[in-house]
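These notes are about the structure you will find just below.
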Amino acid sequence: MSGAHWSCSGCGGALYVLSDTRGPGAAIRFWEVDHQATVSACPLAHLLPLRGTATALLALTGINQILGRP
């Protein structure tokens, strides 16, 4: 996902995506997705920040509701 620019499907605002492995060689990553800047009227604000563990960003539970087009 490095270099991808994701937008929020609710408001079109830019999102940041952070990930971190849980130890050397770990297949599961910790993910965090949120707006890059404060958005005053996003219908998905109650879902953000989205945090959780998954093997890939698109496998993160709830991500399909949040991500717009990269």
Side-chain angles (χ1 to χ4, degrees):
M1 298 282 95
S2 178
H5 298 277
W6 295 97
S7 62
C8 176
S9 64
C11 67
L15 297 172
Y16 71 80
V17 177
L18 299 175
S19 70
D20 181 27
T21 57
R22 296 296 177 183
I28 302 293
R29 300 178 74 86
F30 175 80
W31 296 91
E32 179 176 298
V33 180
D34 201 357
H35 289 109
Q36 286 184 9
T38 302
V39 177
S40 60
C42 178
L44 301 179
H46 65 286
L47 299 175
L48 296 168
L50 178 65
R51 296 181 180 115
T53 56
T55 55
L57 175 63
L58 297 179
L60 183 62
T61 300
I63 198 67
N64 292 330
Q65 295 174 291
I66 294 170
L67 287 186
R69 300 177 73 169

Practice item. Indicate yes or no: at least one non-hydrogen side-chain atom of L44 is less than 4.5 angstrom from one of C8. Key: yes
If I take atom [atom1] from residue [X] and atom [atom2] from residue [Y], how far apart are they, to the nearest 0.5 angstrom?
X: L57; Y: I63; atom1: CG; atom2: CD1; value: 4.5 Å
X: W31; Y: T61; atom1: CH2; atom2: OG1; value: 13.5 Å
X: W6; Y: L15; atom1: CH2; atom2: CG; value: 9.5 Å
X: T21; Y: F30; atom1: OG1; atom2: CZ; value: 12.5 Å

Practice item. Treating Ile, Leu, Val, Met, Phe, Trp and Tyr as nodes and any side-chain heavy-atom pair under 4.5 angstrom as an edge, say whether L47 and L50 lie in one connected cluster. Key: yes
Review point. In chain order, what residues pass the side-chain contact (heavy atoms from CB on, under 4.5 Å) check against T55, with sequence neighbours excluded?
Key: I28, A59
Review point. Considering the options H5, E32, H35, which one meets the side chain to side chain donor-acceptor pair (under 3.5 Å) requirement together with Y16?
Key: E32
Review point. Heavy-atom count around Q65 CD within 6.0 Å, excluding the residue itself: above 12?
Key: no
